[in-house]
> 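Take a look at the following structure, please.
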Amino acid sequence: MTTVRIFFEKRGEAAYISLLDLQRVFHRLLKISGLPVWYTLGFNPHIYLSFSCPLSLGQESICESCEVKTEAPAVDGDAWAAALQPLMPRGIRILRVAPAQDKPGEIASAEYAITMPASSAAALDAYNERTGAPVVKKTKRGQKTLELKEYLPRVEYQLEGESLHFTLTLPSASGEGVNLNPALLLGFLETLGGAPAWQCTVLRTHLYTKNGKDFC
Amino acid sequence: MPEVVNTISPKLREALGQVQKPGRYTGGEPGCTYKDKSEVDVRMAFCFPDTYEIGMSFLGEKILYELLNRHENWWCERAFMPWTDMKAEMERLGIPLYCLESKDPLTDFDIVGFSLEYELCYTNVLAMLRLSGIPLRAADRDERWPLIIAGGPCVCNAEPMADFFDIMQLGEGEQMLQDICATVEQGKKLGWNKETLLLALAKIPGVYVPSFYDVRYLEDGRVESIRPNRPGVPERVTKAIINMDDYTPPENFVVPMVGAVQDRASVEVLRGCVRGCRFCQAGQIYRPFRERSPQLISDSARVLCHNTGYDELSLTSLSTSDHSRLEDILDGLNSWAEQDHVSLSLPSLRVDNFSQSLVEKTTKVRKSGLTFAAEAGTQRLRDVINKNVTWEQIERGCRIAFEEGYTSVKLYFMMGLPTETLEDIKGIADTAQKVVDLYYSLDHAKGKGVQVTCSVACFVPKPDTPFQFCAQDRRETLREKQKYLLSCVHSRKIKVNYHDSATSVLEGVFAKGDRRLGKVIETAFENGAFFDTWEEYFDFDRWQAAFAACGLDPDFYNYRPLGLDEVTPWSHLDVGVSHGFLVREYEKALRAETTQPCNRQCNGCGANKLLGGPCFDYSQDLL
Ligand code: SF4
């Protein structure tokens with residue numbers, strides 16, 4: 001049995017598809033595609049599907065992935081991608097389909113490209129001058145206070161006309177490890193007079209493994 | 001890095017960031033149709049005046065969406081009523097109501113069509129027009145505005161909404177809506193003004209142009225006459241109708257990503273109903289009964305399941321088990337369903353022809369709860385309403401179900417039926433008790449109890465039915481009856497569900513209302529009414545205030561019996577059944593006399609004229 005990873009972009013209106021809905025959509029579309037995906041055994045067989053590090057609603061990504069299994073001896077990635085693409089909801093673009101190299105547990109961090117209105121520059125400057133930036137993170141077990149500065153001592157940004165850009169690398173572990181959502185920083189910046197979250201765009205550009213390579 | 005077209009504008013992004021389930025407002029679902037708007041001649045916005053979840057469960061829209069989009073130069077898109085949080089955001093940010101596919105505002109469309117499925121959605125129609133910035137009243141719109149049209153069962157009494165629509169479609173939309181689009185296309189090419197366009201549209205079978213008719217009233221408020229006010233406009237509009245095998249049922253659906261109420265494949269197996277239940281409007285207005293052939297049903301259902309990936313298929317119609325070749329249909333479907341991982345469900349089984357082999361054929365894959373529509377608690381009242389079901393049939397159906405392993409049964413009843421007495425109410429409880437007793441008299445699985453749910457709806461007299469002449473029961477009376485029913489139930493195995501009747505009062509008023517109600521609807525809307533179907537937004541006091549402000553008495557419409565010779569507000573809208581037939585059936589009802597189903601004997605309702613011949617070939621023994 002081979003684990004196959006489907007890499008895709010999730011942009012535009014597709015950014016508003018929740019994980020639960022996305023699972024249903026993929027399940028249905030994989031079924032339609034007739035690709036030789038593996039069904040779980042048992043009374044009510046369904047396609048084995050697993051998404052790594054799902055995004056928050058409204059955030060976009062060019063490095064999403066979903067893994068399935070197959071008993072097929074060989075996987076023609078291009079053929080799989082060609083079979084899936086026409087079925088996909090608008091905003092989801094299949095980038096690549098290939099046998100999985102890394103385990104999802106290897107994912108350690110994620111890179112994001114953030115765009116904010118230029119008027120938020122003052123809030124970023126204020127952030128950079130501060131010594132502490134405590135934020136409250138909601139987890140399954142309740143609330144937890146985190147120090148953002150431990151992960152992001154400074155944020156260097158570029159102004160470009162009406163907007164400003166920066167890149168963030170944040171810990172992003174699937175499972176038990178630390179997992180930071182860029183929304184935490186944006187929320188903190190808003191308390192410093194930064195733009196509200198809806199005026200900012202968050203685009204996930206990379207998922208990295210522990211040894212700093214792209215997750216694949 | 002290749003760019004994906006991002007169709008979310010900054011304002012819309014802001015709104016989506018503040019609301020629950022934003023996926024309802026983004027579109028992009030698998031199965032959508034996209035076209036290049038610079039290359040289409042007619043753009044239609046198909047609007048459903050309720051939430052996305054409810055609208056996406058509605059088969060009529062899927063049928064018409066596919067039919068219209070098959071025309072290369074027409075583009076039909078969808079719009080729904082945004083939930084209150086999204087509506088507030090759109091108002092705050094000045095986002096006009098838009099269609100999900102292109103995100104273009106409704107004002108960019110040639111035709112904006114609303115589906116009127118139930119009376120309580122009327123204020124939502126106005127809310128959607130307002131959100132689009134379109135004037136509410138047809139008289140305030142010239143040819144620069146989109147043509148605002150309506151369809152759906154409520155059009156059989158179009159009058160309460162007549163002021164708001166340019167045209168209303170009586171009957172089945174498959175051909176009529178295509179004819180409307182073709183006429184609009186022609187009108188655009190020739191630069192017609194609105195009057196010329198409406199005159200051309202009025203020639204299409206089933207199309208009703210409200211502004212072409214004048215209504216006169218008697219001093220006591222009843223309608224005196226409804227007459228066309230232009231030459232060449234028909235005295236009565238006759239509903240449009242199709243032949244079921246001339247139209248392939250939809251072979252693809254837009255598959256919702258945010259859960260719709262009915263999220264499964266469905267195929268319509270027949271239209272109309274052979275029973276003439278006297279309370280049932282659908283049973284009258286969809287006449288005559290027409291079947292689709294088993295081969296077409298099975299073939300297109302298979303394609304549909306394949307295209308959508310659905311693993312559940314339901315066979316829909318008013319009464320699926322009345323299809324004369326139901327076993328053939330099931331055999332056809334079962335020949336591929338299992339191998340395609342598709343399970344079948346029949347939502348409208350009837351007790352009286354519920355057979356062992358039917359249960360087996362539909363429960364190969366899944367067992368869900370069973371429902372039986374008994375409608376009334378005593379045989380006398382069932383005869384009055386012509387629900388030709390006997391206790392023996394209910395017992396037989398339940399026995400088969402229990403023997404097949406079902407442990408819960410839902411029984412549907414109505415309250416407030418003509419001639420009803422407390423004995424009939426007690427009969428509801430007695431029927432449920434007899435079903436419980438039946439379960440325990442059989443060999444049932446040890447330790448497994450039975451659950452009998454009685455769902456009791458308030459009866460609302462509807463136009464084009466033999467009970468249109470009847471007054472609706474008053475709220476106080478219904479409350480007394482509900483209390484009495486509860487006092488008659490003595491088992492914990494029986495659960496009784498019923499609704500407060502305030503919404504049914506309004507439903508009754510609009511169902512039989514006249515054109516003057518337009519201003520009541522408008523007043524209530526301006527005072528904040530919308531989502532009246534949702535208990536939490538329905539405010540009866542606001543409605544009463546609106547009636548008072550317009551100087552109209554709601555009781556006049558629903559609590560007053562109609563004279564058998566009275567001109568009704570819908571007398572110019574012909575759904576096929578004749579006035580004489582309705583009177584005959586009403587009189588038989590008062591005598592508790594039943595009428596045979598159409599497939600056994602024609603009762604001369606007049607609907608066969610729509611087909612141009614008899615509805616059934618009685619020379620063959622059909623039953
Ligand atoms: S014409 Fe006769 S058979 Fe046809 S619908 Fe009417 S009563 Fe039934």
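No hydrogens, no waters, no symmetry mates; every other heavy atom, side chains included, goes into these values. The model shown is predicted, which means the values in this text are computed figures rather than measured ones. Chain A is the first sequence line, chain B the second, and so forth, proteins listed ahead of strands; every chain is numbered from 1.
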> Select one option (side chain, backbone, both, neither) describing which atoms of A:Ser18 are under 4.5 Å from chain B's heavy atoms.
neither
> Strictly below 4.0 Å, N to O, side chains only: are B:Glu72 and B:Lys35 in salt-bridge contact?
no
> With a 4.5 angstrom heavy-atom cut-off, could you sort out which part of A:Leu29 is near chain B: side chain, backbone, both or neither?
side chain
> Could you list all the side chain to side chain donor-acceptor pair (under 3.5 Å) pairs where at least one residue sits in residues 116-126 of chain A, not counting sequence neighbours?
A:Asp125-A:Tyr157
> What part of B:Tyr310 is in contact with chain A, defined as an atom under 4.5 angstrom from a non-hydrogen atom: side chain, backbone, both or neither?
both
> Check this for me, if you would: do B:Asp104 and B:Arg43 make a salt bridge, where the nitrogen-to-carboxylate-oxygen distance has to be below 4.0 angstrom?
yes
> Near A:Lys137 NZ, under 6.0 Å, is it more than 12 heavy atoms from other residues, nucleotides or ligands?
yes
> For B:Lys11, is there an ion pair with B:Glu14 - N to carboxylate O distance below 4.0 angstrom?
no
> Could you tell me which residues satisfy side-chain contact (heavy atoms from CB on, under 4.5 Å) with A:Glu162, sequence neighbours excluded, listed by chain and number?
none
> Heavy-atom distance under 4.5 Å to chain B: side chain of A:Leu57, backbone, both or neither?
side chain
> For residues 34-42 of chain A, which side-chain donor-acceptor pairs fall under 3.5 Å, sequence neighbours excluded?
{"unit_1": "A:Thr40", "atom_1": "OG1", "unit_2": "A:His46", "atom_2": "N", "d": "3.1"}
{"unit_1": "A:Thr40", "atom_1": "OG1", "unit_2": "A:His46", "atom_2": "O", "d": "3.1"}

> Could you please state which residues from residues 76-89 of chain A sit under 4.5 angstrom from chain B, measuring non-hydrogen atom to non-hydrogen atom, sorted by number, or 'none'?
A:Leu87, A:Pro89
> What distance separates B:Met257 CE from A:Tyr16 OH, expressed to the nearest 0.5 Å?
13.0 Å
